[in-house]
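A note on names: the letters A, B, ... follow the listed sequences, proteins ahead of strands, and every chain is numbered from 1. Since we're looking at a predicted model, the values are computed, not measured.
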2 protein chains.
Amino acid sequence: MDPQQLRTFVAVVDHCSFSAAAQALGYTQSAVSQHIASLETDLEAPLLTRRPVAPTQAGERLLEHARPLLLRLDAARADVARLRKVRRGRLAVACTPGALTPATTLALVRARTAAPQLKASVQVCGRTEAVQAVLTGAADLALVDGAVAPSDPLPLPDAGPLTAFPVSEEPLAVLLPATHPLAGRPALRLADLAVARWIDAPDAAVPLGQLRAAAQSDGFGHQLTYTGTDIRGLSVLVAAGAGLTTAALPAAGDLLGIAAVPIIEPRIVHRTELLHPRTPTTPAAELVDTLRAAQ
Amino acid sequence: MDPQQLRTFVAVVDHCSFSAAAQALGYTQSAVSQHIASLETDLEAPLLTRRPVAPTQAGERLLEHARPLLLRLDAARADVARLRKVRRGRLAVACTPGALTPATTLALVRARTAAPQLKASVQVCGRTEAVQAVLTGAADLALVDGAVAPSDPLPLPDAGPLTAFPVSEEPLAVLLPATHPLAGRPALRLADLAVARWIDAPDAAVPLGQLRAAAQSDGFGHQLTYTGTDIRGLSVLVAAGAGLTTAALPAAGDLLGIAAVPIIEPRIVHRTELLHPRTPTTPAAELVDTLRAAQ
DNA sequence: CCATGAGTATCAGTATTGCTGATACTCGAT
DNA sequence: ATCGAGTATCAGCAATACTGATACTCATGG
């Protein structure tokens with residue numbers, strides 16, 4: 001079970017095809033076929049159905065491990081590399097869209113003015129990619145948001161050692177069309193919204209899974225899935241009545257045709273956490289210290 | 001960076017020697033040397049000092065990843081294997097010594113009487129080994145104890161997906177010699193004990209790190225490290241005045257020469273959690289269901 | 001300061017592995 | 001039944017990953 005073969009396996013699953021995976025990896029189709037065959041004899045179980053190519057039950061099990069394993073391998077390499085490469089004057093931040101609240105953007109801008117020669121970059125992406133970016137060294141820091149009980153930490157995909165601490169916390173709000181019957185309410189209970197029509201926008205808003213966990217409910221069904229990180233686009237859909245979503249209360253002020261109603265029950269907050277490697281490199285380390293001191 | 005080389009690296013660190021690691025792995029010393037050299041050129045960093053053989057800073061970094069990676073590789077294999085191998089009539093439980101509280105043992109005995117033909121085994125071991133046993137399929141279930149705030153989950157080494165839920169919770173008590181000046185107290189505060197002499201017995205009692213986390217203190221220093229899982233041996237040392245340790249309050253009743261004083265501040269409990277794979281195999285699944293229903 | 005020995009690095013040789021390219025096979029669609 | 005897109009198999013070659021022999025290095029003791 002070597003990582004090369006696992007990488008091939010993942011690629012085959014992603015491409016639903018041996019030949020396409022081969023092309024993507026720069027192998028011949030023959031090599032891919034042999035990789036899979038080798039894995040299957042090694043694990044003594046068929047991992048893929050052929051035609052259509054799809055993971056079997058055993059394949060699904062393997063997948064659950066293969067992706068984190070490969071990610072962690074990259075993380076290990078990046079972690080060692082961080083000792084050598086001192087990224088002077090450059091700061092890359094990966095960031096989920098909801099993490100750009102007034103408080104966090106202010107902190108970033110302040111860090112830039114404190115070190116004006118700093119070449120900073122902000123990449124907006126989904127939660128998984130943000131974590132991945134920090135682990136593999138593509139980013140120095142990540143800002144990730146989510147909705148949880150006030151004392152709980154954000155649930156993060158576990159694929160390596162990362163340090164996290166909260167940098168800002170706001171009330172969580174439901175986003176409704178301004179014309180919605182509930183739009184005028186001063187506050188709402190999450191349980192009353194479990195049966196509403198939601199938009200599942202895992203990379204642009206709070207994933208519905210986090211709402212379910214907070215409300216301890218099986219509700220929050222959705223017919224519409226929104227892929228991407230653009231909050232404005234999501235808000236247009238909400239305004240048009242395609243479904244509901246959530247956001248930090250203050251972040252919703254600039255969205256047209258949208259009403260943001262705070263959630264008061266259960267006790268839940270929108271929190272942004274800063275993620276960084278255990279030993280961040282300068283200048284990221286300084287920013288981390290500054291933010292931590294501000295807490 | 002293939003797993004074989006990582007395994008060699010870990011072995012070399014564990015044995016503090018290339019040749020000893022080679023013997024342990026069934027390689028020649030030459031092969032081990034080449035493995036390490038290959039890793040070092042690949043990562044472009046020296047990983048080990050020679051003579052004495054010890055990990056460098058980069059090596060320490062790699063180690064943090066290497067062990068979990070190797071464990072997870074085994075976990076992946078075990079997880080796939082669980083689909084095939086149905087362990088009929090056998091139930092292996094890995095268990096930390098402190099997890100054998102009245103409540104949990106009662107549950108185990110009850111499970112045995114409910115299924116009398118069941119060939120059960122209980123292996124007492126440390127926390128890491130217990131988690132490892134479940135991940136690699138050596139055990140079907142694990143019972144792990146620890147001391148945490150009432151609402152927190154136990155901190156577990158993260159090397160794969162495991163489901164955990166609490167099965168019993170008791171007050172946490174300090175174990176003191178019966179002759180100790182504090183032995184007569186009805187209750188104690190953890191902060192008052194931070195400067196006491198402790199025994200670090202990570203596999204037999206609550207690790208001092210968990211106490212530090214709960215007390216949010218840097219205290220709990222120790223001069224004596226106790227390796228092993230035998231609680232009675234530990235209690236003899238405590239009775240002789242070698243240092244303090246902690247345990248579940250009711251578990252300490254049968255220890256001679258020992259006084260157990262409950263801790264009332266901070267709010268902290270001794271909790272035992274049941275660990276199992278995401279999809280446990282029968283008959284472990286039935287036991288899990290029973291215990292879960294009892295919650 | 002040199003001799004010694006325990007331990008690591010290097011090197012050549014060989015067995016094995018891992019890839020390619022060609023070709024045979026399989027299954028769904030027409 | 002035929003075709004075609006896609007997967008499996010096979011031989012051959014290049015690269016790799018071991019072993020065994022030997023050179024090297026460093027701490028120790030005389």
Side-chain angles (χ1 to χ4, degrees), chain A residues 1-60 62-63 66 69-70 73-74 76-77 80, chain B residues 1-60 62-63 66 69-70 73-74 76-77 80:
Chain A
M1 254 217 313
D2 79 346
Q4 198 108 320
Q5 294 180 344
L6 288 180
R7 202 150 256 151
T8 302
F9 174 65
V10 170
V12 168
V13 171
D14 286 345
H15 289 86
C16 301
S17 154
F18 283 47
S19 350
Q23 198 164 9
L25 295 168
Y27 288 141
T28 58
Q29 173 269 319
S30 173
V32 170
S33 185
Q34 289 174 44
H35 276 182
I36 302 300
S38 162
L39 277 176
E40 290 185 325
T41 54
D42 183 17
L43 297 174
E44 301 176 70
L47 298 173
L48 295 166
T49 63
R50 322 295 154 100
R51 213 164 340 203
V53 172
T56 62
Q57 205 178 351
E60 294 282 5
L62 185 59
L63 260 189
L69 266 168
L70 295 172
L73 267 173
D74 293 342
R77 164 165 274 116
V80 173
Chain B
M1 256 219 313
D2 79 349
Q4 199 107 322
Q5 293 180 344
L6 288 180
R7 202 149 256 151
T8 302
F9 173 65
V10 170
V12 169
V13 171
D14 286 346
H15 289 86
C16 301
S17 153
F18 282 47
S19 350
Q23 197 164 11
L25 295 169
Y27 288 140
T28 57
Q29 174 267 320
S30 173
V32 170
S33 185
Q34 288 175 46
H35 275 183
I36 301 300
S38 161
L39 277 177
E40 289 185 326
T41 55
D42 183 16
L43 296 174
E44 300 176 68
L47 298 173
L48 295 166
T49 62
R50 322 297 154 98
R51 213 166 336 200
V53 173
T56 62
Q57 205 178 352
E60 294 282 5
L62 184 60
L63 260 188
L69 267 168
L70 294 172
L73 266 173
D74 292 343
R77 164 166 275 116
V80 173

* To do: Kindly check if the number of other-residue, nucleotide or ligand heavy atoms within 6.0 Å of CD (Q57(A)) is above 12?
  => no
[X] [atom1] to [N] [atom2]: how many Å, rounded?
X: R7(B); N: dA17(D); atom1: CZ; atom2: C1'; value: 17 Å
X: L39(B); N: dT16(D); atom1: CG; atom2: P; value: 15 Å
X: L25(B); N: dA17(D); atom1: CG; atom2: C1'; value: 15 Å
X: Q23(A); N: dA5(D); atom1: CD; atom2: P; value: 15 Å

* To do: Pick base, sugar-phosphate or nothing for V53(B), based on heavy-atom distances below 4.0 Å to the nucleic acid.
  => sugar-phosphate
* List the protein contact pattern of nucleotides 17-24 of chain C with one symbol per nucleotide (5' to 3'): B for base contact, S for sugar-phosphate-only contact, - for none; contact means a heavy-atom distance under 4.0 Å. => --BBB---
* To do: Over all heavy atoms of both residues, which pair between P46(A) and A58(A) is shortest? Give the atoms and the distance, please.
  => O-CB, 3.7 Å
* For Q34(A) and S30(A), does a side-chain donor sit closer than 3.5 Å to a side-chain acceptor? -> yes
In Å and rounded to the nearest 0.5 Å, what is the [atom1] to [atom2] distance from [X] to [Y]?
X: R77(B); Y: D42(A); atom1: CZ; atom2: CG; answer: 4.0 Å
X: L73(A); Y: L69(B); atom1: CG; atom2: CG; answer: 5.0 Å
X: L48(A); Y: F18(A); atom1: CG; atom2: CZ; answer: 5.0 Å
X: L70(A); Y: Q4(A); atom1: CG; atom2: CD; answer: 10.0 Å

* Structure fact -> Within residues 9-21 of chain B, those residues having any heavy atom closer than 4.0 Å to DNA chain D are none
* **pair L62(A)-M1(A): side-chain heavy atoms closer than 4.5 Å** => yes
* Hey, is the side chain of R51(A) pairing donor to acceptor with the base of dT7(D) inside 3.5 Å? -> no
